[in-house]
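Residue numbers run from 1 in the order of the sequence given.
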Amino acid sequence: MVDLRLKHLEIRMFPSDEGAFPPGSEFTQDNRYSTYILGLKEPMELWKSLDSGSIRWGIRKAIKDGVKIRSSISKDDLNSFYRLNLATKQRLGVPGHPKAFLAAILNDFGENARLYLAEYNNRIIAGIITIAHGKTVLYAYGAADNAFLIHQPYNLLLWTAIEDASKHGFLQFDFGRVSPSEPGLAAFKRRWGATEKRLVYYYYPSGKGSFSQDQRGLQMASKLWKLIPPQVVGPLSNILFRHIG
């Protein structure tokens, strides 16, 4: 057995694994978070299930505005996504993912990981990373230049990824985790026809000392993070990411 010298342990489970740790164990359970799952079918059938006033409208607007979507594995494109991700995460008040972490996902998952990029006037304005596992494609990470959100790049990026997943025989598209403090994000995912599924988290010992459960501490840290000079966000993110990523 390897001694990892950990003070605290957090285990994130799929909804079907709820109850993996029986009552009375030294782990405590937290069911605050949810994910949103879209059952995949033929693209034309999926299109009909999308909310017409926001999702379909956004996809059409992106296409009309000239937004182009492409998939890439080049280092230059990964660097562009990394920079967008740092800026996006700082707006949200959290550290960005280290470049080495993102590169490892694309390298280690191989064909199961894809980087989609949105271009407008030959400029990369947004991107997402998806990861396939079993019969599910997970929307793992997304980032965008705030100045170009008017062109709805996220809508077209997600629709392209969903179409690809459907055409390659996957059965589900997982829109990813949503916290109770993000009702707008939850509503956005429901408009795609996705169904809410509870996520189950286990903490040892009893969640005490776990930074991710310290909501007051997280709120204070988030406010401070938004004030950090952009030039030091990257180096600091590399240090902090392992603790709260």
Side-chain angles (χ1 to χ4, degrees), residues 14-16 31-71 81 84-85 87-89 91-94 113-121 123-199:
F14 289 106
S16 59
N31 291 34
R32 285 176 300 164
Y33 297 103
S34 296
T35 190
Y36 284 80
I37 305 292
L38 174 66
L40 296 178
K41 21 187 190 184
E42 289 296 317
M44 286 304 297
E45 287 299 311
L46 285 170
W47 179 260
K48 295 175 184 177
S49 66
L50 305 180
D51 182 86
S52 61
S54 59
I55 304 304
R56 278 191 278 178
W57 171 84
I59 296 168
R60 288 182 175 125
K61 176 170 176 55
I63 294 172
K64 181 180 178 181
D65 288 357
V67 176
K68 306 294 183 183
I69 307 297
R70 61 183 175 85
S71 181
F81 179 79
L84 283 174
N85 191 55
T88 299
K89 292 297 185 288
R91 288 199 305 271
L92 297 174
V94 296
R114 300 191 71 175
L115 168 63
Y116 293 90
L117 297 168
E119 289 185 328
Y120 176 74
N121 287 342
R123 173 174 178 169
I124 295 174
I125 63 170
I128 64 172
I129 290 177
T130 63
I131 301 173
H133 175 71
K135 291 297 183 181
T136 300
V137 172
L138 168 68
Y139 166 36
Y141 309 106
D145 186 327
N146 209 37
F148 293 90
L149 289 178
I150 190 174
H151 300 295
Q152 305 296 314
Y154 277 131
N155 282 39
L156 189 55
L157 282 163
L158 284 168
W159 177 241
T160 302
I162 289 170
E163 276 193 302
D164 283 351
S166 175
K167 291 174 182 176
H168 285 87
F170 290 96
L171 301 182
Q172 296 184 136
F173 189 87
D174 186 338
F175 278 87
R177 192 183 79 168
V178 179
S179 104
S181 63
E182 300 173 302
L185 181 58
F188 173 75
K189 295 180 179 184
R190 284 195 297 268
R191 293 188 188 109
W192 288 84
T195 302
E196 180 182 12
K197 299 288 185 182
R198 285 287 180 180
L199 293 174

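- The two atoms that bring A161 and T130 nearest to each other are CB-CG2, 4.1 Å, heavy atoms only.
- Taken to the nearest 0.5 Å, the CD1 atom of I129 stands 9.0 Å off from the CG atom of L117.
- Note that the CD1 atom of I69 and the OG1 atom of T160 stand 5.0 Å from one another [nearest 0.5 Å].
- Of all heavy-atom pairs between D51 and S54, the closest is OD2-OG, 2.8 Å.
- G142 approaches K89 most closely through the heavy-atom pair O-NZ, 3.7 Å.
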Residue pair I55, F188: steps toward the side-chain contact (heavy atoms from CB on, under 4.5 Å) verdict: CA-CA 8 Å; I55 304 304; F188 173 75; 3.7 Å; yes
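- Distance check, rounded to the nearest 0.5 Å: OG1 of T195 to CD1 of I37 gives 8.5 Å.
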Candidate pair E119 and I124, rule side-chain contact (heavy atoms from CB on, under 4.5 Å), full reasoning: CA-CA 4 Å; E119 289 185 328; I124 295 174; 4.0 Å; yes
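- Closest of all the heavy-atom pairs between F170 and G134 is CE2-O, 3.5 Å.
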Residue pair D174, T136: steps toward the side-chain hydrogen bond (donor to acceptor under 3.5 Å, both in side chains) verdict: CA-CA 7 Å; D174 186 338; T136 300; over 6 Å; no
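- Separating the NZ atom in K68 from the CG atom in N121 is a distance of 10.5 Å, to the nearest 0.5 Å.
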Worked check of side-chain contact (heavy atoms from CB on, under 4.5 Å) between L38 and L46: CA-CA 9 Å; L38 174 66; L46 285 170; 4.3 Å; yes
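- Between the side chain of R70 and the main chain of A118, no donor-acceptor pair closer than 3.5 Å is present.
- Side-chain atoms of T35 come within 3.5 Å of backbone N or O of G176 as a donor-acceptor pair.
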In a table with atom names and distances, give each donor-acceptor pair under 3.5 Å that connects a side chain of residues 58-67 to protein atoms at least two apart or in another chain.
from: K61; atom 1: NZ; to: D65; atom 2: OD2; distance (Å): 3.1
from: D65; atom 1: OD2; to: H151; atom 2: ND1; distance (Å): 2.9

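- F81 and G127 get closest at one heavy-atom pair: CE1-O, 3.2 Å.
- The main-chain N or O of I162 is never found under 3.5 Å from a side-chain atom of S166 such that the two would form a donor-acceptor pair.
- Considering CD of Q172 and NE2 of H133, their distance stands at 11.0 Å, rounded to 0.5 Å.
- Side-chain N or O atoms of E182 include one that pairs as donor or acceptor with a backbone N or O of S179 at under 3.5 Å.
- Here salt bridge (Lys or Arg N to Asp or Glu O under 4.0 Å) pairs that include residues 142-168, with residues two or more places apart or in two chains, are R114-D164, R123-D145.
- For the pair L158 and Y116, the minimum side-chain heavy-atom distance is 4.5 Å or more.
- For CD of E42, the number of neighbouring non-hydrogen atoms (other residues, nucleotides, ligands) closer than 6.0 Å is 12 at most.
- Between Y36 and A194, the closest heavy-atom pair is CB-CB, 3.8 Å.
- Side-chain atoms of Y154 come within 3.5 Å of backbone atoms of A144 as a donor-acceptor pair (strictly under, hydrogens ignored).
- Among residues two or more places apart in sequence or in another chain, the ring pair (Phe, Tyr, Trp, His ring centres under 6.0 Å) test is passed with F175 by F173, W192.
- Considering CH2 of W47 and OG of S52, their distance stands at 10.0 Å, rounded to 0.5 Å.
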